[in-house]
There are 2 protein chains.
Amino acid sequence: MDLEGCEVSGVDPDRVGAVRSALLPVEEAGRLAALFRLLGDPARMRLLYALLEAGELCVCDLAAVVEAPETNVSHALRLLRTAGIVKARRAGRRMHYALDDAHVRLLLDVSREHLRHAADATGRA
Amino acid sequence: MDLEGCEVSGVDPDRVGAVRSALLPVEEAGRLAALFRLLGDPARMRLLYALLEAGELCVCDLAAVVEAPETNVSHALRLLRTAGIVKARRAGRRMHYALDDAHVRLLLDVSREHLRHAADATGRA
DNA sequence: TCCATATATGAAAAGGTCTTCATATACTCA
DNA sequence: TGAGTATATGAAGACCTTTTCATATATGGA
């Protein structure tokens, strides 16, 4: 970061100062971004929707549902579990996964709404 | 994709079939993931929160607010604008940017809620 | 205990994204 | 029109993520 030149000049230095101090800190922004990045992969997205729909599924069935190799599913689930987005429950030699975060559920719904209503806004340059 | 072996075996082939046919299509999953990936970067996240707070800001002031070089801000804004997340308005030689999507606003709020309540859920392996 | 099954893990290859710098465009004002 | 300012763009390098393959762990049953 070098931020020379336009530092607090622009239009309204006071406003810049006000917004800057109200802005979420870099560390929080980083954590939020990490959450969104986790949702930012089609494979994981489909896993999450499968769990949203099914409630709970083992790795094997999840792989069948999303039509991906099980090792991929396992890798994906580890990331999601580490982030607290899904939880695992062992049942014999199977692992059952389920969503573990009400906010993520909400995020998924809101985003699907977005998809529906924003289809016409995509050609906007 | 090779999906041999566990195809529709697992526990419950019928359930797998049901969930699979209710699952959002790959193309939609891709578009949703693309949206989330766009939110998955700390720099863009801070820009979006700045706009959420300020309503509208020019590139210069945005750069000052998030403390990043203007060229980075410009690159980031292009991605966000192309996706219909922010909109641009020219005022003289300045460009003013603002959020252009109610759902994204919602997403930002929900996610910040998540951050607040999920601080204790992160050490869950 | 030995084998088969379900899942997890590590490391390397493949692919993507962010940052940076140099340069281009668009506008204002003199 | 010419100089200066605000923003945009392209391309290269650095960096990070996803996929793949081989292998490891854990469980249940014979």
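Nothing here was measured: the structure is a model prediction, and the numbers come from that model. Throughout, a chain's letter reflects where its sequence line sits, starting with A, and its residues are numbered from 1.
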> OP1 or OP2 of C/dA6 sitting under 4.0 Å from any side-chain N/O of A/Y97?
Replying inline: no
> Is a donor-acceptor contact shorter than 3.5 angstrom present between the side chain of A/T71 and the base of C/dT9?
Replying inline: yes
> Using a cut-off of less than 4.0 Å, is there contact between a side-chain N or O of B/R90 and OP1 or OP2 of D/dA6?
Replying inline: no
> Between atom CZ in A/R89 and atom C1' in C/dA6, what is the gap in whole Å?
Replying inline: 15 Å
>> With a 3.5 Å distance limit and no angle check, can you tell me whether A/T82 reaches the backbone of A/R78 through a side-chain donor-acceptor pair?
In response: yes
> Of all the choices, C/dT7, D/dT7, D/dT18, which nucleotide is nearest to the side chain of B/C58 once you look at every atom?
Replying inline: D/dT7
>> Any side-chain N or O of B/N72 below 4.0 angstrom from OP1/OP2 of C/dC18?
In response: no
> A/R37 side chain: which of D/dT18, D/dT17, D/dA6 is closest?
Replying inline: D/dT17
> Do you know the tightest heavy-atom contact between B/V86 and B/L51?
Replying inline: CG1-CD1, 3.8 Å
>> Let me spell it out: for each of A/A91 and A/L79, pick the nucleotide of DNA chain D with the closest heavy atom. Which residue's pick is nearer the 5' end?
In response: A/L79
> Going hydrophobic residue to hydrophobic residue with side-chain gaps under 4.5 angstrom, can you get from A/L35 over to A/V26?
Replying inline: no
> Counting distance only, does the side-chain N/O of A/S21 pair as donor-acceptor with the main-chain N or O of A/G17 below 3.5 Å?
Replying inline: yes
>> Without decimals, in angstroms, what is the distance between B/R93 CZ and D/dA3 C1'?
In response: 11 Å
>> I want to confirm an ordering. Mapping A/G92 and B/L77 to their closest nucleotides on DNA chain D, which one lands closer to the 5' end?
In response: B/L77
> Taking for each residue the nucleotide of DNA chain C bearing the nearest heavy atom, is the 5' side occupied by B/D41 or by A/S74?
Replying inline: A/S74
> Do the side chain of A/H75 and the base of D/dT20 come within less than 3.5 angstrom through a donor-acceptor pair of N or O atoms?
Replying inline: yes
> Within this structure, what is the CE-to-C1' distance between A/M95 and D/dG28, rounded to whole angstrom?
Replying inline: 15 Å
> Counting only side-chain N and O atoms of A/R78, is one of them less than 4.0 Å from OP1 or OP2 of C/dT9?
Replying inline: yes
>> If I take atom CZ in residue B/R44 and atom P in nucleotide C/dC18, what distance separates them, rounded to the nearest angstrom?
In response: 4 Å
>> Output the rounded distance in Å from CD (B/E70) to P (C/dT19).
In response: 16 Å
>> If we ignore hydrogens and angles and just use 3.5 Å, is the side chain of A/R15 paired with the main-chain N or O of B/A54 as donor and acceptor?
In response: yes
